[in-house]
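The next block holds one structure in the form of C-alpha cells; read it before the comments.
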Amino acid sequence: MFDESGWNKEFKERFNHRYDELKWLYFSLYGEDYQALDWLTAAMWDYYSERKSSLKKLDRQREKNPDWYKGNGLLGMMMYSNLFGGNLQGVRSRLDYIKDCGVNYLHLMPLLDSPKGKDDGGYAVADFRKVKPELGTMKDLEELTEDCHNAGISVALDFVMNHTSEEHIWAKLARQGDMAARSRYFFYDNWDIPNQFERTMPEVFPTTAPGNFTWLDDCKQVVMTTFYPYQWDLNYGNCMVFNDMTANMMYLANRGIDVMRLDAVPYIWKQLGTNCRNLPQVHTIVRMMRIITEVVCPGVLLLGEVVMEPSKVVPYFGTVEKPECHILYNVTTMASTWNTIATRDVGLLKRQADQVAGLPKDYVFQNYLRCHDDIGWGLDYDWLKQFGIDQVAHKKYLNDYLTGRWYGSDSRGELYNDDPKLGDARLCGTTASLCGLEAALYEKDKAKEEKAIACILMLHAWLFTQSGIPVIYSGDEIGQLNDYTYKKDPEKWADSRYLHRGKFPWEKVEKKDPISMRIFNALRVMEKLRAEHAIFSGQAGVETMETGSRSVLGILRYLGMDQHLRAYFNFSEQTQHFWTMPDDEAERYVDLFSGKTMKELGDQLEPYGYRWYLEQPKAAEGSRSVRQMTA
C-alpha cells in the first residue's frame, strides 16, 4: 500500500478525490496488481513534488478557471524548431516575432531524441527525456517554456505514445533477448499470430511500409510495427508500459509543457481479431491519463490526435462526468475545406459545420488549414454518393486538381503514399502553393497573384470564424511556398511531406516582402477582431445559413438574442450573388473589415471574398463605431 504520510494537503485532496476511479480503471485493465498501482501512485507524488513553484502557480490559476482555453483568446502556431530558429535557443531568440503574430499557443513539433535517417520527422523517439542534440538540451527546452510563460504563451509538445524507436533502450534490450523488455512490445517466434492480426488490421502506409509486422533477422523474431519498421508498437497490455510512459509524460509536463499532443492515440491498444483501432481500452487509458494530470499537473491539457470521421472522434472527449481529451483535432473540417476549394461546392462543408455546431459547447476543437502532415480524403462518401459521387473517382479529381494536373488549376501540391489501385493517395503542400500563389509568381501573372492572395485570406477568415482554437502552420502567415529541396536529400526524398516542411524564409520578413506583409497584416486584423469580440467565443451558438449560391458558405454566430454575426465565404474564383435580408435589418449589420453595412455592400461577393457582418446594438444603429475601430 502506498505511503501518504509525507503528502501535502493540495496533492492529497486532488488524489483522494480521484483515486477510487483510477484504481477501478487500472484494475479493469491489469487485474488487482496493487504493487504496480502503488508504483504509479508514488511516481505521481514524486513528479508533483518536483514540479516548479511557477508551474504549480499556473496549475492553481487554471484550476480556478477550468474553461481558460475555451474562449476566443487563444491563437496557435505550430512549427519545427530547426526550420524556424535552427534550434531551441534560436526559437527563444525569435519570441518577439511570435508575439508580433499574436500567437499565445506555440506547438513545437517533435524534438525528442530520435535516430537520424529513421526518425519519421521526430515520431520515432529513442529517449523521451532527451532533446535531439542538434536542437539543444532539456535545459534549453525549460528556458524556452519559461520565457514563453512569461510572455503569456502556452507550449504544446507531441507525446509519441504508440511506439518507440528501435533505438530506444527497451528495444535494444529486447533485441538482445531480455524477456522483460520484449514484453513491452509485441514479439513473436514465428508468423502464425502476426498473420492472424493481419487479417483484420488495416495498413497505415500500404505503399511505403506495407504490413503491420517486421522480421528481425538478428534475433529471429517478428515484432509489431504498425507505422514503419523502425517504430515498434508498445504493448499497453503490460502495466509497466503504461506506468513508465505516464511517468515520461509527467516528466515532460515538468519541463513546462502545457499541452500534450497524444500522437496516434486510437492505435495504442491491440487485440487479436479486431482492427486494433478505437478499442474501448484506449478510452480507459486516456481517461487514466486525464485523472493523473488532474492530480499532478492540472494546468496541462491533453490534445488528441484522432484522424478519424466525426462519429469516431467525438468519443475521445469522454463525457461531462468522465472527460478524456480536452481538445481534439478538427481534421474533417480541414479536409472538407480543401475539397470545397477544388469543387467550389460548399454542400459537404456546410453539412460538417452543422455536425460540429451540434456538439456540446464544452467540446473544443483545434482548427487548422494545414499542418506538418498530409491531407487525407476521409470525406463523408456515404452522404456524397447520393449526388452520384464515386469515392475513388472523387479522390482522383481532388488530387489532380490540387496538384495542378487538372486543366485550369493553379494549385501546386504533391501526392503522398500514392496507391493507384485504391485511389487513396494523400496530398501535400503549403496553403499558399495550394491556393495558387506559387504558380502565379512563377508565371509573373498579377491577376493570378491577386486571386491566390484572396483565396489565402478567405480561408483564414473561415478558419478564424470556427469555434475552438485556430492554429496556423508556421510560414502560412507570410505565404510560404513549397520547398522542393527535399528531393535532393536522400533521407527525405521518398517522403513528400517534406514539401511543406521547408526552412522558414526569414528574408521575406526582414526585407518586408510586399506579398508576405500583405498576408501577414491582413491576418493580424482578423486575429485582433476575433480576440476582441465575444461572438467568436466557444460559448456562442453556431448555425449555417442558406445563401442561394452553391459556392458561398454562410455562418451565423449568436450570443443571446441581441448579438449576431453573419459570416460569408466565397469558395469560387467567380463573383457570386447570395441572399441577404430586408433593408431595415441589413442596415444594422456592419462588416468588421470595411465598416460598411450589409445594405451598402449589397448581395454579391467578389472572387474568394469574405465578410464578417456584426449586428450593432439598436442604440448604436447608423453609427460607424466598428469602422472607426478597424481604421
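For the single chain, residues carry numbers from 1 onward in sequence order. Atom set for the values below is all heavy atoms of this structure, side chains included, hydrogens, waters and symmetry mates excluded.
At distances below 3.5 Å, at least one donor-acceptor pair connects side-chain atoms of His500 with backbone N or O atoms of Gly429. Looking at Asp178, its side chain does come within 3.5 Å of a backbone N or O of Ala180 through a donor-acceptor pair. The backbone N or O of Glu167 sits less than 3.5 Å from a side-chain atom of Ser165, completing a donor-acceptor pair. For Asp258 (side chain) and Val155 (main-chain N/O), a donor-acceptor pair under 3.5 Å exists by modelled atom type. Under the 3.5 Å distance criterion, the side-chain polar atoms of Thr145 are matched with a main-chain donor or acceptor of Arg255. No donor-acceptor pair under 3.5 Å is formed between the side chain of Asp158 and the backbone N or O of Val160. Listed for the Glu477 side chain is a donor-acceptor partner under 3.5 Å among the backbone atoms of Gly475. Although no hydrogens or angles enter the test, the distance criterion places a donor-acceptor pair under 3.5 Å between the side chain of Asn399 and the main chain of Ala425. Not a single donor-acceptor pair under 3.5 Å links the side chain of Gln89 to the backbone N or O of Leu135. Using a distance-only test at 3.5 Å, with no hydrogens or angles considered, no donor-acceptor pair links the side chain of Ser81 to the main chain of Leu88.
Rounded to the nearest 0.5 Å, atoms OG (Ser114) and CD (Gln231) are 9.5 Å apart. Rounding to the nearest 0.5 angstrom, the gap separating the OG1 atom in Thr293 from the CG atom in Leu301 is 8.5 Å. Atom CD in Gln176 sits 10.0 Å away from atom SG in Cys219 (nearest 0.5 Å). Here the CG atom belonging to Leu83 is positioned 8.5 Å from the CG atom belonging to Asp483, to the nearest 0.5 angstrom. To the nearest 0.5 Å, atom CD of residue Glu21 and atom CE of residue Met288 are 10.0 Å apart. Atom OG1 of Thr284 and atom CG of Leu25 lie 6.0 Å apart (nearest 0.5 Å).
Using the six-membered ring where Trp is involved, Tyr188 and Phe213 have ring planes that are perpendicular, over 60° apart on the 30 and 60° scheme.
Under the 4.5 Å side-chain criterion, counting only non-hydrogen atoms from C-beta, Leu349 is not in contact with Trp338. Counting heavy atoms from C-beta outward, Arg497 and Arg426 have side chains that stay 4.5 Å or more apart. Residues Tyr47 and Glu50 have side chains in contact (heavy-atom distance under 4.5 Å, counting atoms from C-beta outward). Side-chain contact between Lys487 and Tyr498 is absent, with no heavy atoms from C-beta onward closer than 4.5 Å. For the pair Lys492 and Asp495, the minimum side-chain heavy-atom distance is 4.5 Å or more. Side-chain atoms of Asn212 and Phe197, non-hydrogen and from C-beta on, never get closer than 4.5 Å to each other. Within the 4.5 Å cutoff, no side-chain heavy atoms of Met138 are placed close to those of Lys130. Side-chain contact between Leu252 and Phe159 is present, with at least one heavy-atom pair separated by less than 4.5 Å.
Side-chain polar atoms of His394 and Asn339 form a donor-acceptor pair below 3.5 angstrom. If you check the side chains of Asp233 and Asn162, you find a donor sitting under 3.5 Å from an acceptor. Between Gln352 and Ser336, the side chains place a donor N or O and an acceptor N or O closer than 3.5 Å (distance only, hydrogens not considered). Side-chain atoms of Arg129 and Asn248 form a donor-acceptor pair, as typed in the model, at a separation below 3.5 Å. A donor-acceptor contact under 3.5 angstrom links the side chains of Asn243 and Tyr26, judged on distance only. Between the side chains of Thr41 and Asp38, not a single donor N or O lies within less than 3.5 Å of an accepting N or O.
Relative to the ring axis of Tyr267, Arg277 does not place its NZ or CZ within 45° and under 6.0 Å from the centre.
If you look at Tyr473 and Tyr368, their ring centroids are not closer than 6.0 Å. Two rings, from His326 and Tyr363, have their centers 6.0 Å or more apart. Here the two rings, on Tyr34 and Trp39, have centers that are 6.0 Å apart or farther. For Phe205 and Tyr228, the distance between ring centers is under 6.0 angstrom. In summary, the aromatic rings of Tyr397 and Trp406 are positioned with their centroids under 6.0 Å apart.
By the 4.0 Å N-to-carboxylate-O rule, Arg290 lies too far from Glu324 to be salt-bridged with it. A salt bridge links Glu166 to Arg175: one of the charged nitrogens lies within less than 4.0 Å of a carboxylate oxygen. Residues Arg51 and Asp46 are not paired through a salt bridge, judged by the lack of any N-O separation under 4.0 Å between the basic side chain and the carboxylate. Using a cut-off of 4.0 Å between Lys/Arg side-chain N and Asp/Glu carboxylate O, Arg261 and Glu305 are scored as salt-bridged.
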Inset, instruction - Go through the steps for Phe365 and Tyr329 under the test ring pair (Phe, Tyr, Trp, His ring centres under 6.0 Å), then give the verdict. - result: CA-CA 6 Å; Phe365 284 100; Tyr329 278 88; over 10 Å; no

Inset, instruction - Would you check, one step at a time, whether the test ring pair (Phe, Tyr, Trp, His ring centres under 6.0 Å) holds for Trp269 with Tyr236? - result: CA-CA 6 Å; Trp269 191 271; Tyr236 278 87; 7.8 Å; no

Inset, instruction - Go through Tyr185 and His168 one step at a time and tell me if the ring pair (Phe, Tyr, Trp, His ring centres under 6.0 Å) criterion holds. - result: CA-CA 12 Å; Tyr185 301 97; His168 192 282; 7.6 Å; no

Inset, instruction - Test Asp380 against Arg351 for salt bridge (Lys or Arg N to Asp or Glu O under 4.0 Å), laying out the working first. - result: CA-CA 10 Å; Asp380 189 347; Arg351 171 179 167 81; 3.1 Å; yes

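Residues satisfying the salt bridge (Lys or Arg N to Asp or Glu O under 4.0 Å) test with Asp217, not counting sequence neighbours, are Lys220.
Each of Arg412, Glu438, Arg501 was evaluated against Asn482; a single residue qualifies, Glu438, per the side-chain hydrogen bond (donor to acceptor under 3.5 Å, both in side chains) test.
By the neighbour-count criterion of 12 heavy atoms within 6.0 Å, atom CH2 of Trp191 is densely surrounded, having more than that number from other residues, nucleotides or ligands.
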